[in-house]
Amino acid sequence: MAEISLTFPDNSQRQFEAGSTTLDVAKSIASSLAKKAVAGQLNGTLVDIEQPLTQDGNFQILTSDDAEGLKVLRNTATFVLGAALKKIHADIHFGEHQSSDDGFYLDTDRAAGQVTVTELPEIKKVMAKIISANQPIERRVADKADLLNEFKDDPYQESLLNAQDAVQVAVYQLGNYTSFGDRALLKSLAPLKHYELLSVAGAYWQGKSSNPMLQRIYGTAFYKAPELEADLKRRAEIKERDHRTIGRDLDLFFVDPEVGAGLPYWMPNGATIRRVVERYIIDKEVANGYQHVYTPVLANLNLYKTSGHWAHYREDMFPPMDMGDGEFLELRPMNCPSHIQIYNHHNRSYRELPIRIAELGMMHRYEKSGALSGLQRVREMTLNDGHTFLAPEQIQDEFKSVLKMMMEVYDDFNITDYTFRLSYRDPANTEKYFDDDEMWNNAQAMLKQAMDDLGLDYYEAEGEAAFYGPKLDVQTKTAMGGEETMSTIQLDFMLPEKFQLTYTGADGQEHRPVMMHRGIVGTMERFVAYLMEMYKGAFPTWLAPVQVEVIPVNLDLHTDYVKDIQKQMAAKGLRVKVDLRNEKMGYKIREAQTQKVPYTLVVGDQELADQSVSVRRYGEKDAADEPLQEFIQSVQADVNNYSRTTETSANSSIEAKLDK
RNA sequence: GCCGUUUUAGCUCAGCAGGUAGAGCGCAUCCAUGGUAAGGAUGAGGUCACCGGUUCAAAUCCGGUAAACGGCUCCA
């Protein structure tokens, strides 16, 4: 009898009879392991627990405690969901499905009427029936040709089958529901007890917007009830962190349909946060050699024809305004052409380089209506934009210095949760970009080299570049779990060419500069939204719209003192609100807490007599008396220190690399 | 833009076998003058998103438009 050799995670090796199953292997190790085992993993591929093993290789037994073991449960849930849908709608077709850390989904299509959310409870009932019947799911290996015949009326399954290289395909079957593809399912449906169907949403077949749209059913499943409960609770709590919820509760911004979708209004509270960020970043940039400018949001369309925006970015631009005299004005979608005009306004010498032009530049992009979302995705936005014009040999140093400034800013805002992404053009779709293979390859290689030299971790993504050049993007997560670009550094050889930019070199000849586009805090809209979510609305003192709220114990006796405190603090540039409404103290304190004001002061006879204040910090239950002057100084220190509690820099290791 | 859902007072929502609207919070006024998370009373506030249709009668049924939400595609 032939034998196979399995290497376990601890590197030990054992021989088994060919055709042994994961369950056999588990039993040979420990009966407790056999009980917990849900599947195996051979050379990275999931195998069913009773699937015969015929190959040597690295082998791992997956249990209900493993992340991969959870996937097996979710694969099984997806399968049962499919079986249930097939029972309810015999004519339903299935697209792709997936299990992940966040749950599972199954794509469906039904010509007679798509599945909707209202059907989910019924579907769940049918799933429960299938699970309690607990018929074994039959696994077999079938000829691709036979399967093609079986699925000849289902274009999606047919297409998925044709994409398979193998002649033989693994098939799972339960009743008249058949599903193929390599994956592991549970042997018994019994452990599938704690699951939920969450939502239904449209999804393009194979992710292409030119393809038909299927209905994607999302769900999740766990081995243990408390895990499911915790996950559902987590999903409910996402809403509390969502910047749209916080924006309304704290009166930060709104979007008014009467005005237009994607055109947010900043209320005084939100405007205050934005103003603090704007002042901060302008000061920072000026200190780092940037020259801040103001340029118009409107420009002659020709500017964007020259830049290539009209050719490559038109879909995202508002339609030009026909002025009636042959002139067309365009709302700018990017600031780069404007800054190029600034560069071009004078003759430039190599001695001036690098020239750094910066602006909080307002731009307009006609985003697709379905993409709009609060402040995260808008049609009018203000970018913390900067363009450096430099000589080619200055690229490396400038890249490093931008990155260094970025890390310093992240430190001040206490931002630590992000990843670097190198964004390249899509090689299969080059017509979307400026056409110059050599420049693209060069620029991409230079960016990668710079990151490697610095020893920074990053991942690479094709198809994410700007149309004029590759980018280093800093990716962050929204409360909803979406990934978004916050900061970006872009290398551009194209626009200097298009605009015929030059500088006079030491040799007296004209040379072409390189452009570096960069945004540090990104757009004010997205950045402030990010801060809202990161802090759950409880902004640190230096950013908080209201830093201190003062409440008198008795309106008749203490109003003067409250006003005096406000006056003194306002004189120091602090943002103080007094609450002189005819309400009880407890009521006002509650409101100050729900509005997440960093410091709530209560003053009565005692405080008035001592010229002190009773200080209660946000989120704390207790209050403590403190001399007024001492308190004012401590708040000032808090603000000046960007409300950092520790001196150590979260990004220090990266900064150290940059200093080398 | 696409698929699905939703749209009722400033906010959160109820009403919907078709018979022209309700609650809580908030707001205003009055009473209560209160020491660390909601004191009481009274009152104002809505052409039920908008435009059409069906009907004796539409917030409720049907169609269209817009916006929001969940996703997909796209993106700072």
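Everything numeric here is computed off the predicted structure, so don't read it as measured data. Below, chains carry the letters A, B, ... as their sequence lines are ordered, and counting in each starts from 1.
Side chains of E359(A) and H292(A): no donor on one and acceptor on the other come within 3.5 Å. With 3.5 Å as the limit, one finds no donor-acceptor pair spanning the side chains of S100(A) and Y105(A). For the 3.5 Å distance criterion, the side chains of T108(A) and R216(A) fail to qualify, holding no donor opposite an acceptor. In this model, a donor atom of one side chain and an acceptor atom of the other lie less than 3.5 Å apart for D385(A) and N335(A).
For C72(B), the OP1/OP2 oxygens have no side-chain nitrogen or oxygen of K208(A) closer than 4.0 Å. Proximity of R244(A) to the phosphate of A68(B): no side-chain N or O atom is located under 4.0 Å from OP1 or OP2. Distances shorter than 4.0 Å separate some side-chain N or O of Y587(A) from OP1 or OP2 on G26(B). Remark: K621(A) is in phosphate contact with A37(B), judged by side-chain N or O atoms under 4.0 Å from OP1 or OP2. R581(A) has a side-chain polar atom (N or O) that falls below the 4.0 Å cut-off from OP1 or OP2 of C27(B). The side chain of S369(A) places an N or O atom within less than 4.0 Å of a non-bridging phosphate oxygen (OP1 or OP2) of G1(B).
With sequence neighbours excluded, the residues satisfying ring pair (Phe, Tyr, Trp, His ring centres under 6.0 Å) with F467(A) are H309(A), H312(A), F434(A).
A salt bridge links D91(A) with R110(A): the distance from a Lys NZ or Arg NE/NH1/NH2 to an Asp or Glu carboxylate oxygen falls below 4.0 Å. Electrostatic pairing of K477(A) and E533(A) does not count as a salt bridge here, judged by no charged N lying under 4.0 Å from a carboxylate O.
Taking the P atoms as reference points, A21(B) lies 30 Å from A67(B), given to the whole Å. The separation of C16(B) from A59(B), taken at their C1' atoms, amounts to 8 Å, rounded to a whole angstrom. Annotation: A66(B) and C50(B) have their P atoms spaced 16 Å apart (nearest Å). Separation of the P atoms belonging to G70(B) and A32(B) is 49 Å when rounded to the nearest angstrom. Using atom P as the reference point in both G18(B) and U55(B), the two lie 16 Å apart (nearest Å). As rounded to the nearest Å, U12(B) and A57(B) have C1' atoms that lie 32 Å from one another. With both ends at atom P, the span from A41(B) to G19(B) equals 33 Å, rounded to whole Å. Using P as the reference atom, G15(B) and C61(B) are 12 Å apart when rounded to the nearest Å.
G70(B) is paired with C3(B) under the criterion used here, namely a Watson-Crick or G-U wobble arrangement in which both key atom distances are under 3.5 Å. In this structure A38(B) sits in no base pair that meets the Watson-Crick or G-U test at under 3.5 Å. The partner of G26(B) cannot be assigned: no Watson-Crick or G-U wobble pair with both contacts below 3.5 Å exists in any strand. Nucleotide A59(B) is matched to nothing when pairs are restricted to Watson-Crick or G-U wobble geometry with both distances under 3.5 angstrom. Under the Watson-Crick or G-U wobble criterion, with both distances below 3.5 Å, G46(B) has no partner in any strand shown. When both distances must be under 3.5 Å, the Watson-Crick or G-U wobble mate of A32(B) does not exist. Both distances falling under 3.5 Å, in either a Watson-Crick or a G-U wobble arrangement, occur for no nucleotide opposite A9(B).
Nearest nucleotide to the K471(A) side chain, out of A76(B), G34(B), A37(B): A76(B). The nucleotide whose nearest atom lies closest to any side-chain atom of Y218(A) is, among C74(B), C72(B), A37(B), C72(B). Considering only the side chain of M381(A), A76(B) comes nearest among U33(B), G70(B), A76(B). The listed nucleotides are A37(B), G70(B), A76(B); the one nearest the side chain of I589(A) is A37(B). For Y204(A), counting side-chain heavy atoms from C-beta on, the closest listed nucleotide (C2(B), C74(B), A76(B)) is C2(B). The side chain of N554(A) sits closest to G34(B) out of G35(B), G34(B), G71(B). Closest to the M213(A) side chain, of the nucleotides A37(B), C72(B), G39(B), is C72(B). Distance from the side chain of K432(A) is smallest for C75(B) among the nucleotides C75(B), G34(B), G4(B).
Aromatic ring centroids of Y418(A) and Y410(A) lie under 6.0 Å apart. With ring centers used as reference points, F413(A) lies 6.0 Å or more from Y530(A).
Heavy atoms of M480(A) sit under 4.0 angstrom from primed sugar atoms or phosphate atoms, though from no base atom. Base contact: E367(A) has a heavy atom under 4.0 Å from a base atom. L383(A) comes within 4.0 angstrom of no nucleic acid atom, judged by non-hydrogen atoms across all strands. In this structure, G586(A) reaches the sugar-phosphate backbone alone: every heavy-atom distance under 4.0 Å involves primed, P, OP1 or OP2 atoms, never a base. No engagement by T488(A) is indicated, since no non-hydrogen atom pair under 4.0 Å with the nucleic acid exists.
One interatomic measurement links the two molecules: CG of N582(A) to C1' of A38(B), which rounds to 15 Å at whole-angstrom precision. Between Q206(A) atom CD and U73(B) atom P there is a gap of 12 Å when expressed in whole angstrom units. Rounding to whole angstrom units, CD of residue E583(A) and C1' of G39(B) are separated by 9 Å. A straight line from CD of Q595(A) to C1' of A37(B) spans 13 Å, rounded to a whole angstrom. To the nearest angstrom, C1' of C74(B) lies 5 Å from NZ of K368(A). Taking atom CZ on R365(A) and atom P on C75(B), their separation rounds to 10 Å, with Å as the unit. Computed from coordinates, the Q215(A) CD to C72(B) C1' distance equals 10 Å when rounded to whole Å. We find that OH of Y105(A) is positioned 9 Å from P of C72(B), with the value rounded to whole Å.
Exactly one of R234(A), E240(A), R241(A) qualifies for a side chain to side chain contact (heavy atoms under 4.5 Å, CB included) with I238(A). That residue is R234(A).
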Close N/O contacts between protein and nucleotides 12-14 of chain B (under 3.5 Å):
unit_1	atom_1	unit_2	atom_2	d
U12(B)	OP1	R248(A)	NH1	3.1

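Side chain E591(A) to base G26(B): no donor-acceptor pair is found below 3.5 Å. For T485(A) against A76(B), a side-chain-to-base donor-acceptor contact under 3.5 Å is absent. Residue R377(A) places a side-chain atom within donor-acceptor reach of the base of C74(B), judged by atom type and a 3.5 Å distance cut-off alone.
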Begin from the C-alpha positions of D492(A) and K471(A) and carry the test salt bridge (charged side-chain N to carboxylate O under 4.0 Å, His left out) through to its verdict.
CA-CA 9 Å; D492(A) 178 7; K471(A) 315 189 279 176; over 6 Å; no
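Under a 3.5 Å cut-off, the side chain of R425(A) and the backbone N or O of G463(A) do not form any donor-acceptor pair.
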